[in-house]
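What follows is one structure encoded as structure tokens, with my remarks underneath.
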Amino acid sequence: MCTDCGCGLPEHQHHAHPEIVDVMTPLLAENDRVAAHNREHFDRAGVLAINLMSSPGAGKTALLEATIERLGGECRIAVVEGDLETENDAVRIRRLGVPAVQICTTTTCHLDATMLHRALHELDLAEIDLLFVENVGNLVCPASFDLGQHLNVTLLSTTEGDDKPAKYPVMFRAADLVLISKSDLIEVLDDFDVAAATEALRGLGSSATVLETAARRAVAVEPWLNWLRARLSDRRSQKPVAVAE
């Protein structure tokens with residue numbers, strides 16, 4: 001796997017497409033610089049930032065709604081939404097009384113660190129404990145762009161098939177946690193096996209935790225909430241750091 005452009009070609013085959021590398025290398029370097037600055041802002045404010053990724057329709061927004069409803073009394077949550085167009089998802093989040101900033105990328109299939117940096121100016125990080133960044137629905141590009149987040153969470157819907165980790169390795173290899181979403185549908189599906197999905201993930205060399213969730217069932221959301229509680233506890237035990245404006 002090419003680590004410069006994510007094209008899937010081995011490193012030694014870059015001579016076959018040097019123009020891609022010439023463009024991508026400085027682009028990613030600048031993105032990483034801004035991402036580091038974003039992370040410094042999060043660390044200074046003691047905010048835990050989570051990048052939520054999946055294909056379209058995997059249930060990211062529904063999961064956020066369930067999370068806010070059940071965890072909102074324990075911590076201060078904010079959301080940055082990424083989509084090509086509309087504020088539909090941000091509107092859903094705001095209805096729950098949580099600040100949500102919409103980023104419309106128009107033609108870009110992922111968020112980058114600069115987009116997020118601009119969105120952060122619309123939020124008061126001092127009033128936030130947990131920031132979710134709901135990335136553009138896409139199983140490819142979002143994983144290649146660091147936003148300054150602390151953790152990557154990838155949703156794999158049971159309606160997509162259990163072979164997705166093997167087919168989209170960059171996304172799943174980058175995940176700190178994989179959530180099997182819409183797990184309440186497993187009983188009526190005959191083409192999704194959690195064990196097979198987990199085996200495919202392990203085949204990538206990933207040790208990411210795998211949890212099953214179903215946003216519409218409170219009991220199925222609890223393992224995810226407990227994972228978040230543990231990460232928030234870790235964050236609160238760390239000292240804020242200084243950052244240049």
Side-chain angles (χ1 to χ4, degrees), residues 1 35 39 42-43 46-55 57-72 74-75 77 79 129-135 137-140 142-187 189 192-238:
M1 174 65 65
R39 191 173 293 112
F42 296 143
D43 289 343
V47 173
L48 176 64
I50 294 180
N51 183 21
L52 203 60
M53 302 181 289
S54 79
S55 61
K60 296 188 297 298
T61 309
L63 180 67
L64 286 178
E65 289 173 322
T67 302
I68 292 166
E69 289 171 350
R70 295 169 175 81
L71 203 63
E74 301 176 31
C75 64
I77 300 174
V79 179
D129 300 309
L130 178 57
L131 175 69
F132 289 106
V133 180
E134 183 177 346
N135 219 311
N138 183 344
L139 281 178
V140 183
S144 298
F145 287 80
D146 184 7
L147 305 178
Q149 75 279 1
H150 299 106
L151 296 164
N152 287 320
V153 175
T154 300
L155 273 66
L156 170 60
S157 171
T158 56
T159 59
E160 298 177 83
D162 52 33
D163 62 342
K164 292 303 176 290
K167 294 178 70 173
Y168 298 93
V170 176
M171 172 69 70
F172 287 93
R173 192 179 285 119
D176 298 290
L177 172 69
V178 173
L179 293 176
I180 307 297
S181 62
K182 305 181 183 180
S183 62
D184 50 330
L185 297 179
I186 291 179
E187 59 192 47
L189 297 173
F192 191 95
D193 186 329
V194 175
T198 303
E199 183 179 357
L201 184 67
R202 301 294 176 245
L204 302 176
S206 171
S207 59
T209 299
V210 178
L211 298 175
E212 297 179 37
T213 63
R216 307 306 181 191
R217 294 186 179 182
V219 66
V221 177
E222 198 61 28
W224 154 244
L225 299 182
N226 288 335
W227 185 88
L228 286 173
R229 291 183 181 108
R231 305 293 80 73
L232 282 166
S233 178
D234 293 342
R235 168 91 293 196
R236 288 163 177 159
S237 68
Q238 299 171 1

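Worth knowing before you read on, the calculation uses all heavy atoms, side chains too, and leaves out hydrogens, waters and symmetry mates.
With hydrogens and angles disregarded, no donor-acceptor distance shorter than 3.5 Å links the side chain of T154 to the backbone of F172. A donor-acceptor pair under 3.5 Å is formed between the side chain of R202 and the backbone N or O of A208. A distance-only check finds no donor-acceptor pair linking the side chain of S233 to the backbone of R229 [under 3.5 Å]. Not one N or O on the side chain of T158 forms a donor-acceptor pair closer than 3.5 Å with the backbone of S183. Under a 3.5 Å cut-off, the side chain of S55 and the backbone N or O of L139 do not form any donor-acceptor pair. Panel note: side chain D162, backbone D193; a donor-acceptor pair is recorded below 3.5 Å.
Checked options V133, N135, L64; the residue passing with L52 is L64 (criterion: side chain to side chain contact (heavy atoms under 4.5 Å, CB included)).
For the atom pair CZ of F132 and CD1 of I68, the computed distance is 7.5 Å after rounding to the nearest 0.5 Å. Here the CD atom belonging to E212 is positioned 15.5 Å from the NZ atom belonging to K182, to the nearest 0.5 angstrom. In this structure, CD1 on I77 lies 10.5 Å from CD on E69, to the nearest 0.5 angstrom. Distance check, rounded to the nearest 0.5 Å: OG of S54 to CG of L179 gives 10.0 Å. With values rounded to the nearest 0.5 angstrom, L48 atom CG is found 5.5 Å from L130 atom CG. Taking CZ of F192 as the reference point, atom CD1 of I180 lies at 4.0 Å (rounded to 0.5 Å).
Closest heavy-atom contact between G137 and K60: CA-NZ, 3.9 Å. Residue P165 comes nearest to A197 through the heavy atom pair CG-O, 3.9 Å, listed as atom of the first residue, atom of the second, then distance. Among all heavy-atom pairs drawn from S206 and A175, the shortest one is OG-O, 4.3 Å. Residue L232 comes nearest to C75 through the heavy atom pair CD1-SG, 3.9 Å, listed as atom of the first residue, atom of the second, then distance. Across G161 and L156, no two heavy atoms sit closer than the pair O-CD1, 3.8 Å. Taking each heavy atom of R216 and A62 in turn, the nearest pair found is NH2-CB, 3.9 Å.
Here the side chains of L63 and S181 are not in contact, with every heavy-atom distance at 4.5 Å or above. A heavy-atom distance below 4.5 Å is found between the side chains of I50 and L228. You'll find the side chain of W227 reaches within 4.5 Å of the side chain of L151, heavy atoms only. You'll find the side chain of P142 reaches within 4.5 Å of the side chain of M171, heavy atoms only.
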Go through the steps to decide whether W224 and L177 satisfy the test side chain to side chain contact (heavy atoms under 4.5 Å, CB included), and finish with yes or no. CA-CA 10 Å; W224 154 244; L177 172 69; 3.6 Å; yes
Show, in sequence, the C-alpha distance, side-chain angles and deciding distance for L225 and E74, and conclude whether the side chain to side chain contact (heavy atoms under 4.5 Å, CB included) test is met. CA-CA 11 Å; L225 299 182; E74 301 176 31; over 6 Å; no
Working for side-chain hydrogen bond (donor to acceptor under 3.5 Å, both in side chains), residues N51 and N152: CA-CA 5 Å; N51 183 21; N152 287 320; 3.2 Å; yes
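Under the 4.0 Å criterion applied to side-chain N and carboxylate O atoms, R39 and D146 are assigned as salt-bridge partners.
For CD of E199, the number of neighbouring non-hydrogen atoms (other residues, nucleotides, ligands) closer than 6.0 Å is 12 at most.
A donor-acceptor contact closer than 3.5 angstrom links the side chains of H150 and R235.
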